[in-house]
Amino acid sequence: MFESEFEKNLFALRKEKLAEIEKLGQAAYPNQYKATHTIGEIRSGWNETAAEALEAERTTVAIAGRIMAIRAQGKAGFATLQQGGERVQIYVRQDAVGEQGFALYKLLDLGDHIGATGYLFRTRTGELTIHVETITFLAKAMLAMPEKFHGLADMELRYRQRYVDLFANIESREVFVKRAKVLQALRKFFDERGYLEVETPMMQPLAGGAAARPFKTHHNALDMDLYLRIAPELYLKRLVVGGLDRVYEINRNFRNEGVSTQHNPEFTMLEFYQAYANYHDLMQLTEELIMYVARQVNGTTVVEFNGRTLDLAKWQRLTMREAIRHYWPAEAGGKPTMQVLDDAVKLQKQLHSAVEALEAAYGAVKDADDERHARLKTLLAAVNEVYYESLKNAPLGKMVYHLFEAMVEPNLFDPTIIYEYPTEVSPLSKAKPDDPAHVERFEFFIGGFEIGNAFSELNDPEEQKKRFEDQLAQRASGDDEAHQMDEDYVRALAYGLPPTGGEGIGVDRLTMLLTGCRSIRDVILFPLMRGKSAE
RNA sequence: GAGCUCGUAGCUCAGUAGGUAGAGCAACGCCCUUUUAAGGCGUGGGUCCUGGGUUCGAAUCCCAGCGAGCUCACCA
């Protein structure tokens, strides 16, 4: 618990102070305090009330809070109390609280919790203040507070000791309050549209519904291996088979992947399914949903993200192939035609010349500080990989998809829906009726990363079985993220899944967008950290 | 997994032609009855992330490790 002699000594000193406080007739750890107002209510009620009016009213209040600043001046003093992310100042003078009360005041430390009764007034400098008549001791901070002006700045400490971050850095608290509002807004949106909120297994015998490596665990009594879910998808669709036409679930998914500013091994996903809807209906719904949540949370659809302004009410829609053509980099030579994007051999040929063009452009950039240098390097590596790897074993659809990720995704800052995905990378989506190579699927991107993924659900059990078998083949050839066979899911489909649209939305990423946080760790209360001192 | 940057007092940070550490806040003592990053006087507090190495001498230079941030890769 103690990180130093300093802390150990401080703790001992605070224990002595606690004993002194008890001698004054106060409980060291009382279990209740009846406040008449929260500090927020004091602020909203009297923030603008003039000094003369306060004097005339002489409103008496009882409040509670944590001491965030304390300024003693002989036989009087001030303290700033914080509660619910709001602060108010109290003024304590010996002739008002008595000798015992003032003795207690002098035993208070930064971080202590106290209750105070008194009347509202304004100081000489105009600050709304409580003129204290009684102080009640509530709890002691036995450890030192972070620096009062800068707060807790060390990112590692902020993540590991979020309990300190939350009271020391108001901005941090506000992010999580907003996150709660995001969740409320999402639920309200779906509740109002007749969706049923459900909870499906997070421990699954077979981790399906997405392309990812799962975490493995074990049930002792049943002697059974289980996987933490990578998606709720297959269970939710079983529910639609069961007649729950509109369902949604908000909960954690677990994927055994690396961490980054956009990935945490456990993350919160919203998934929803709607019978009788297709992906076009979901595009419409998605735009409405994002606008709705933004307005509920921020009161506006305009957000600042990563130094840029974007409007969540202004969307563009492109097919994946259109997007590749649209965002094709000038340095990669001529754009591929639609025909080229539909032909593996022609595409490989074009990528070959694109690699050459990119290499020439990259070689021409002399200054390593040039931002083009890094961009071209990344682009070249990505296209090169697509070109060579795809040449040997990947199907056309996979090649197109990877090309999209490399060339297009980082550019999708304004809200964009990308639709018509290759069938090969979409084992659970329904194919377009006139084009079996593509499925009725879209993903949407904001701020340069993917937020959600949706499609018309494949409901033909035979086709689903075939898709799973194709995935098994990819798995056999080394893709350990390819989907596994789920016989029970196929059986469920065989009972008849109505035409259904389904979608998943990354709640953490949506929250990042709405709070302006560039790292997913800033919107997760306790992000996964490497082990340090396992006490 | 790779590259870059960082790790000095409880907190925020200084400290390179290598000479065994400083400031502010916090703490402790004293003064101060409208202050607000309160102020004044005084005091205490550091395995300079860890382990090696170079050197007469390392917070500083080198190597390895641990942890963090960012970028990239993988993914959502």
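Side chains included, hydrogens not; waters and symmetry mates left out as well; all remaining heavy atoms used. Residue numbers begin at 1 in each chain, while the letters A, B, ... track the order of the sequences.
Distances from the side chain of E156(A) to the nucleotides rU34(B), rA68(B), rG10(B) place rA68(B) closest. For D109(A), taking side-chain heavy atoms from C-beta onward, the closest of the listed nucleotides rC28(B), rU34(B), rA68(B) is rC28(B). For T123(A), counting side-chain heavy atoms from C-beta on, the closest listed nucleotide (rG10(B), rC28(B), rU35(B)) is rU35(B).
Nucleotides rC74(B) and rA14(B), compared at atom P, are 36 Å apart to the nearest Å. The separation of rU12(B) from rU16(B), taken at their C1' atoms, amounts to 23 Å, rounded to a whole angstrom. One P atom belongs to rG53(B), the other to rA58(B), and the distance between them is 11 Å to the nearest Å. Between the C1' atoms of rG24(B) and rA9(B), the separation comes to 12 Å (whole Å). Nucleotides rG44(B) and rA21(B) have their P atoms positioned 15 Å apart, rounded to a whole Å. With both ends at atom C1', the span from rG67(B) to rA26(B) equals 25 Å, rounded to whole Å. Comparing rG46(B) with rG22(B), their C1' atoms are spaced 11 Å from each other, to the whole Å. Rounded to whole Å, the C1' atom of rA17(B) lies 27 Å from the corresponding atom of rC49(B).
The partner of rG44(B) is absent, by the rule that a Watson-Crick or G-U pair needs both atom distances under 3.5 Å. Within the shown strands, nothing qualifies as a pairing partner of rU60(B) under the Watson-Crick or G-U definition with both distances less than 3.5 Å. In this structure, rA37(B) makes no Watson-Crick or G-U wobble pair, since no nucleotide meets both defining distances under 3.5 angstrom. When Watson-Crick and G-U wobble pairs are counted only if both distances are under 3.5 Å, rC4(B) pairs with rG69(B). Taking a pair to require two hydrogen-bonding distances under 3.5 Å in either a Watson-Crick or a G-U wobble arrangement, rC32(B) remains unpaired.
At a threshold of 4.0 angstrom between heavy atoms, the contacts of I451(A) with the nucleic acid are absent. Counting non-hydrogen atoms under 4.0 angstrom, R14(A) reaches the backbone sugars and phosphates but no base.
Under the 6.0 Å distance and 45° angle rule, R317(A) does not count as a cation-pi partner of F442(A). Stacking of R58(A) on the aromatic ring of Y119(A) is recorded, both the 6.0 Å distance cut-off and the 45° axial limit being met.
Ionic pairing of E20(A) and K17(A) is not present here: no N-O contact between side-chain nitrogen and carboxylate oxygen is shorter than 4.0 angstrom. A salt bridge does not link D470(A) with R467(A): none of the charged nitrogens is closer than 4.0 Å to a carboxylate oxygen. Salt-bridge annotation for K237(A) and E233(A): present, with a side-chain N of the basic residue lying under 4.0 Å from a carboxylate O of the acidic one.
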